[in-house]
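Working notes, beginning with the structure itself.
Just so it is clear, the values below take in all heavy atoms, side chains as well, and ignore hydrogens, waters and symmetry mates. In this chain, residues are counted from 1 in sequence order.
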Amino acid sequence: MRLKQLAPVSYLVALTVLYSLTLIPGNVSAQGRMIRMVVGEQKSMKYTGIDKVIVGNPRVADVKTVGRDTFILFATGAGRTNMTIRRRGKSTVNFTIVVSKEDVRSLMSEVRKLLGDREGISIRPVGDRVILDGRAFTSEDYRRVNDIVALYPQVKSFVKVNPNAKKLVANQLNVELQKSGLKNVEATVVGTKIFLEGSVESKADLQKAEMITKAVGEEVENLLTVGIKRMILVEIDFVEIKKSGTDHIGIKWPLDIEGDVGTTMNVNYAKVLKGPGIDTAGLTVGGRLNGGTTFGFGFMFQDGYARVLAQPKLVCASGEKAEFWSGGEVPIVVVTALAIKIEYKPFGVILRIAPTADRHGNIQMEVFAEVSDIDRSIGFTAEGIDVPGFVRDSAKTNVTVRHGQTIVLGNLFHIAEEKNVSKVPLLGHIPIIGELFKSRVFKEKKAEICIFVTPRIVNPDTPKILKMIADIKSRYKRAKSEVGFGIFD
């Protein structure tokens with residue numbers, strides 16, 4: 001009775017030992033590895049020198065050879081089994097395979113719980129897998145999706161970050177910052193990051209800005225400065241080139257006579273009545289004739305060149321307005337029905353700027369630049385009142401450039417040509433010979449005006465500022481020596 005009960009046990013032990021002996025040869029080095037799979041899943045595995053792949057329970061896992069060194073492992077049912085890979089001339093590799101039966105509906109339920117109520121992301125089953133698709137509105141949503149995919153190998157993600165999500169968050173931040181009184185703070189999007197730029201007056205305002213960004217729930221890089229703004233140097237170059245010329249070719253004949261005619265007559269009569277002497281009488285008559293005309297012969301060429309260069313430079317804080325004016329004011333009489341008053345008209349070099357710089361070296365500027373001067377030739381004179389005219393070159397615009405770059409605000413090229421021909425009637429119309437009775441005058445005026453702007457982000461230690469200070473000091477010392485008294489002046 002007892003032997004009959006133990007016989008089956010001894011038989012099973014013997015079979016197990018025999019099975020082990022058949023699997024493990026003398027050169028085997030046992031290597032225990034575990035593979036976790038889900039029912040229906042497959043894996044491609046590759047080992048060099050494969051002789052045979054043995055799976056303990058085909059109902060749990062099965063293999064199919066593909067080529068000499070590759071095979072595919074299939075998870076056929078839930079359970080646990082072993083797999084042995086025999087290799088020629090090499091050690092045998094052993095695996096423990098654990099296959100679990102996963103319900104897609106329960107997996108979707110778990111994924112929904114972990115994902116939460118996040119807009120823009122959809123969940124759908126595809127076979128035995130769960131697919132996540134859509135666009136994440138925040139970086140936190142995108143990170144949560146990646147964490148779920150790492151936790152569940154049966155979950156596949158096609159979720160991308162919404163390109164407008166960062167802009168929406170930045171706009172929301174700007175609204176909250178303005179409500180909190182932080183007017184010099186702005187949230188901007190650069191690539192896939194949000195930056196907080198500008199300045200605050202105190203550390204308390206800095207903490208307030210940080211609290212607002214945390215409440216939004218988005219990663220924001222804080223670049224705020226406390227009480228200090230960037231300084232910007234703006235250099236303006238006014239370049240004006242003028243040329244005027246007058247050419248006179250030919251003979252100018254007298255076509256009219258101009259002058260005046262006058263007569264003078266004096267009569268003197270004297271007679272002696274008594275005594276010796278001689279009776280005398282006299283009569284004097286005189287006349288005058290004056291005349292004039294114009295006659296020209298030969299060639300005349302006149303050329304004139306002018307160059308005007310103004311270089312105003314102005315430094316101001318980022319986001320602030322500044323103005324530079326170098327020139328004077330002209331009094332102008334203004335007559336009204338009630339009174340006569342004096343108004344002053346400014347002239348010279350005028351520069352108004354409002355630059356704003358960001359952390360990437362971009363400088364946005366509102367620029368107004370003007371160079372003006374008095375020109376009496378275009379003025380007005382009447383009843384003892386002299387009102388001068390002005391010539392002015394100006395530009396007003398809004399541009400964005402990078403630190404140190406030069407941009408042309410305006411470029412004007414103006415040309416005017418004039419031709420006058422005078423000739424003697426009849427004689428001037430004769431071919432060839434008529435050229436002797438003609439006179440031509442050519443007039444030409446050219447002008448080109450360019451305005452260049454170069455902004456730079458500077459501080460008191462910037463080499464550009466130090467060089468400007470050194471140049472001004474050296475010119476001042478040189479001028480002092482030239483103005484001083486010298487015995488050889």
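- Using a cut-off of 4.0 Å between Lys/Arg side-chain N and Asp/Glu carboxylate O, E366 and K321 are scored as not salt-bridged.
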*Any chance you could lay out the side-chain hydrogen bond (donor to acceptor under 3.5 Å, both in side chains) test for N398 and Q364, step after step, and finish with the verdict?*
CA-CA 7 Å; N398 192 322; Q364 185 268 337; 2.6 Å; yes
*Checking side chain to side chain contact (heavy atoms under 4.5 Å, CB included) for the pair V399/V453: CA distance, chi angles, key distance, verdict?*
CA-CA 10 Å; V399 295; V453 176; 5.8 Å; no
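- Taking 4.5 Å as the limit, some side-chain heavy atom of F390 sits within range of a side-chain heavy atom of I374.
- Using a 4.0 Å cut-off between charged side-chain N and carboxylate O, K43 and E41 make a salt bridge.
- With a 4.5 Å cut-off on side-chain heavy atoms, E176 and I212 count as touching.
- A salt bridge does not link K46 to D69: none of the charged side-chain nitrogens sits closer than 4.0 Å to a carboxylate oxygen.
- Ion pairing between a basic and an acidic side chain is recognised when a charged N comes within 4.0 Å of a carboxylate O; K446 and E444 show such pairing.
- The distance from atom NZ of K160 to atom CZ of R135, rounded to the nearest 0.5 Å, is 6.5 Å.
- Using the six-membered ring where Trp is involved, Y47 and F71 have ring planes that are parallel, under 30° apart on the 30 and 60° scheme.
- The NZ atom of K156 lies 11.5 Å from the CG atom of D133; values are rounded to the nearest 0.5 Å.
- L115 is listed as a side-chain neighbour of I148, based on a closest heavy-atom distance under 4.5 Å.
- Side chains of Y152 and V130 form no contact here, defined as non-hydrogen atoms less than 4.5 Å apart.
- For the atom pair CD (E210) and CG (N222), the distance works out to 5.5 Å, reported to the nearest 0.5 Å.
- Contact annotation: the side chain of D205 approaches that of L182 to within less than 4.5 Å [non-hydrogen atoms, C-beta and beyond].
- Not one N or O on the side chain of S318 forms a donor-acceptor pair closer than 3.5 Å with the backbone of M231.
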*asked:* Using side chain to side chain contact (heavy atoms under 4.5 Å, CB included), reason through R456 and I232 one step at a time and then give a plain yes or no.
replied: CA-CA 6 Å; R456 290 182 174 89; I232 301 175; over 6 Å; no
Residues 57-65 side chain polar contacts: donor-acceptor under 3.5 Å, at least two apart:
| residue | atom | partner | partner atom | Å |
| --- | --- | --- | --- | --- |
| N57 | OD1 | R59 | N | 3.1 |

*Just do the side chain to side chain contact (heavy atoms under 4.5 Å, CB included) check on I236 and F452 with the steps written out, would you?*
CA-CA 6 Å; I236 307 289; F452 302 90; over 6 Å; no
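- Without hydrogens or angle criteria, R68 side chain to I50 main chain gives no donor-acceptor distance under 3.5 Å.
- Within 6.0 Å of CZ in R36 there are 12 or fewer heavy atoms belonging to other residues, nucleotides or ligands.
- Within 6.0 Å of the NZ atom in K52, the count of heavy atoms belonging to other residues, nucleotides or ligands does not exceed 12.
- No side-chain heavy atom of T84 sits under 4.5 Å from any side-chain heavy atom of V93.
- No donor-acceptor distance shorter than 3.5 angstrom exists from the side chain of S122 to the backbone of G134, with no hydrogens or angles considered.
- Across all non-hydrogen atoms, the minimal contact from S180 to K208 is O-NZ, 3.5 Å.
- Between E329 and K345 there is no salt bridge, since no side-chain N of the basic residue sits under 4.0 Å from a carboxylate O of the acidic one.
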*Where do I131 and F158 land on the side chain to side chain contact (heavy atoms under 4.5 Å, CB included) test, with the steps shown first?*
CA-CA 7 Å; I131 304 299; F158 295 98; 3.5 Å; yes
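- Atom CD1 of I85 sits about 4.5 Å away from atom CZ of F95, to the nearest 0.5 Å.
- Among all heavy-atom pairs drawn from W325 and P346, the shortest one is CZ2-CB, 3.4 Å.
- Here the shortest heavy-atom pairing between I194 and A170 reads CD1-N, 4.3 Å.
- Residues R143 and D147 are not paired through a salt bridge, judged by the lack of any N-O separation under 4.0 Å between the basic side chain and the carboxylate.
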*Report the C-alpha distance between D51 and R87 in whole Å, list the side-chain angles of each, state the deciding distance to 0.1 Å, and finish with yes or no for salt bridge (Lys or Arg N to Asp or Glu O under 4.0 Å).*
CA-CA 5 Å; D51 186 23; R87 300 184 296 175; over 6 Å; no
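- In this structure, L233 and K313 have side chains that are in contact, with non-hydrogen atoms separated by less than 4.5 Å.
- R112 CZ to L107 CG: the interatomic distance, rounded to the nearest 0.5 Å, is 10.5 Å.
- Counting heavy atoms from C-beta on, the side chains of V371 and S394 never come closer than 4.5 Å.
- One finds the CD1 atom of I121 at 10.0 Å from the CZ atom of R144 (value rounded to the nearest 0.5 Å).
- Shown here for L351 and P312, the closest heavy-atom pair between the two residues is CD2-CB, 4.3 Å.
- Taking every heavy atom of both residues into account, V401 and P455 meet most closely at CG2-CG, 3.2 Å.
- Here the shortest heavy-atom pairing between D237 and Q311 reads OD1-CG, 3.2 Å.
- The side chain to side chain donor-acceptor pair (under 3.5 Å) search around R402 returns N362, not counting sequence neighbours.
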